[in-house]
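In the text below, chain A, chain B and the rest are named by the order of the sequence lines, each starting its count at 1. Given the structure is predicted, the values throughout are model-derived calculations rather than measurements.
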Amino acid sequence: MGIMDVDLTLPANRLIFTLRRDMALLQRFLGDIDGVMEEYGLSAAERRALRDADIRALAGLGVHPYFLPQVVRLFHSGAYNHNDSEAARVYASQMVEGYADGKGGN
Amino acid sequence: MGIMDVDLTLPANRLIFTLRRDMALLQRFLGDIDGVMEEYGLSAAERRALRDADIRALAGLGVHPYFLPQVVRLFHSGAYNHNDSEAARVYASQMVEGYADGKGGN
Amino acid sequence: MAEIAGVIALSHAPGLTGWLDRASDAERDNLLAGYAEMGRWLRALKPDVIVGIANDHVLNLPLDNTPDFCVGTAGLWRGPAPWFRDWLNVADYIVAGHAALARRLVRDAAPRGLRLAFRDDLLFDDNWSVPLHFLTPDYDVPLVPIHMNCVVPPLPTPARCYRAGEVLADVLRGADEAGRVVVMATGGLSHDPGGPRYFQVDEAFDRAFLALMEEGDAEKTLREATVERMIAAGDGGTTELLAWIVALGAAGGRPARIVCYEPAQSLRCGMGGVVWDMGGAAARAA
Amino acid sequence: MAEIAGVIALSHAPGLTGWLDRASDAERDNLLAGYAEMGRWLRALKPDVIVGIANDHVLNLPLDNTPDFCVGTAGLWRGPAPWFRDWLNVADYIVAGHAALARRLVRDAAPRGLRLAFRDDLLFDDNWSVPLHFLTPDYDVPLVPIHMNCVVPPLPTPARCYRAGEVLADVLRGADEAGRVVVMATGGLSHDPGGPRYFQVDEAFDRAFLALMEEGDAEKTLREATVERMIAAGDGGTTELLAWIVALGAAGGRPARIVCYEPAQSLRCGMGGVVWDMGGAAARAA
Ligand SMILES: [Fe+3]
Ligand SMILES: [Fe+3]
């Protein structure tokens, strides 16, 4: 999975694109994830993956890779985003092979 | 003047583009030409040319050629638009050399 | 897997529905007979879907971000757009789209180097309203419309358009959703809306272009049917023939059959159409 | 008539402002020294305007109609966009734009075959916020931002990017509005945001790419710095180097000087920068 495997037509891509631009939508999303996902026409699989911040599943559905670390930052702070930050570790635990065994990250 | 001479950034182009898509805007424009032109940021030269349906001047400013017959249709009926229709004759009188002398059109 | 049952390219100028009674008897009879023949040809192929390609007429594709090609992803289309109703003089119509196939086109064209913008709110003008009126008057064949940029500089080159046709055909052949497909290009031939030759047609150019379609020599076509020549034959509209180049690419560059042509000054456009018989299962059964 | 006083390309990864204290001493010292040197180089050229080119990071250019290049036409820009504030850790800033020059770029690039989309509401993230923080900390040089598509398939090819740089330089040289211009590409080097190698850097690739910049052989660069190789060096971000290829084209393919490089795993990105001295009046006076 990589940038060449993106499904540009996926509703989740349009939603995540817009969340980073429109802070009012972002606030609404954080307060009512299901309502906003419904509004943007996400499929059941997309909704489940985004609600759970299951970025590996989102990648499999065709979400743009660039969005994946940003989805983590939707649910964890994006500040001071170094390699041992909570957001980076959540990312690594899902996306970096071997990380869960204590070998990944740095 | 032709399609290669268009100024895509000209406010008049954005207005004319939108007038053909948005019938509410079109109604508003026909009732308040100056107000809508102001809203779309047209320059004084653009406003004068569009208010007067001076399509030759609009062409000189960089309005898209395809819009020119449609600007005529903003002010004259577009129905039954044959070569001797009023709209076609208004177009010809401005754009076809020699037409004003009774030689143009067909 | 799908089959490209046929490819067609034909003019869409609004005079054909809007003021055909102002044409000469010969123009009218020849064009009505030709468009009727193209309709019979198309319906005999029993297409499951028409993938259309035509100039957008600066109606939907914004001037501040004009894509070369934009696919309509709606499941249902309504035409014509209100602004064009009196001009076109066609009854309002509804035609099915094909969202799954449209999305497939976007996805599978990208890795082949062809970007297709997409949206579900395209407005239709003469580009589809005129051809559908004659070819599928019952509006009973789903349409995936591809609006292309033929008139906002810089234009896609003929080589790029030919390649786009090849890519579309390749993607369609691999599309489970497609079934039997007719690729339909609309636009042209010579005309100059917005220019000083609005009331003229360049018959010599039109006949030379049609001869290229009939000859089926893609390289020669790309060498001779340049944007410069199209513009010389009528600045504002003749480059709609870029859609015919897409069709030629979709047809694999094979020779077309000319169905009709009229240098119809009365309609302010060189009018006509060509078809490519693709010689597949469809043709053999017919 | 205007002059291209200099061309520069440099990394913009957010760790440089967001968590530089987590880098090693050597990484931090080398990068801070290098970025300070690039700032001195740029300010010594006394540019009237910076024409910037960088990846849009799928922040402004919509996925349903992604242009290759989009010029910002606003007279004033504010950064960073709210969503990026905590991540980037830079103070809010305002920088002048140059609407007349931006509109000129759109108009004059089109007949040269280069489409530039345009808009006045671009949001800024690390693409400008990180480089400007170091290069023009007083935000006193107007910026015409060109956001490009480096990550939404299909990507513009390196050849197309090089040609875009040539066209931009050509247009800028003929632009009365421009004065003394620095062309600034930002992005790269190897990194993989969103991929399995998010925490890795491909130092061998980076050094080979920098060597190509230093060599100044455009044909060789286009042959070797392919999209495929960039993706192999880090899928999600390395293709930002397409902006460097635009810069190389704007510099007429001449050799660059490497200012600094660090394979900064701590910043999740190969970091560095190169400059092209253009040898014009500006250089002679300096
Ligand atoms: Fe047309
Ligand atoms: Fe970046």
Flag yes if more than 12 heavy atoms outside Arg254(D) fall under 6.0 Å of its CZ atom; otherwise flag no. yes
Within residues 110-131 of chain D, the residues sitting under 4.5 Å from chain C by heavy atom, in sequence order, are Ala110(D), Gly113(D), Leu114(D), Arg115(D), Ala117(D), Phe118(D)
Side chain / backbone / both / neither for Val106(C) at chain D, heavy atoms under 4.5 Å: neither
Of all the residues in residues 160-173 of chain D, which have a heavy atom that comes within less than 4.5 Å of a heavy atom in chain C? none
Contact origin within Leu61(D) toward chain C - heavy atom pairs under 4.5 Å: neither
So, the part of Thr66(C) with a heavy atom under 4.5 Å from chain D: the answer is both
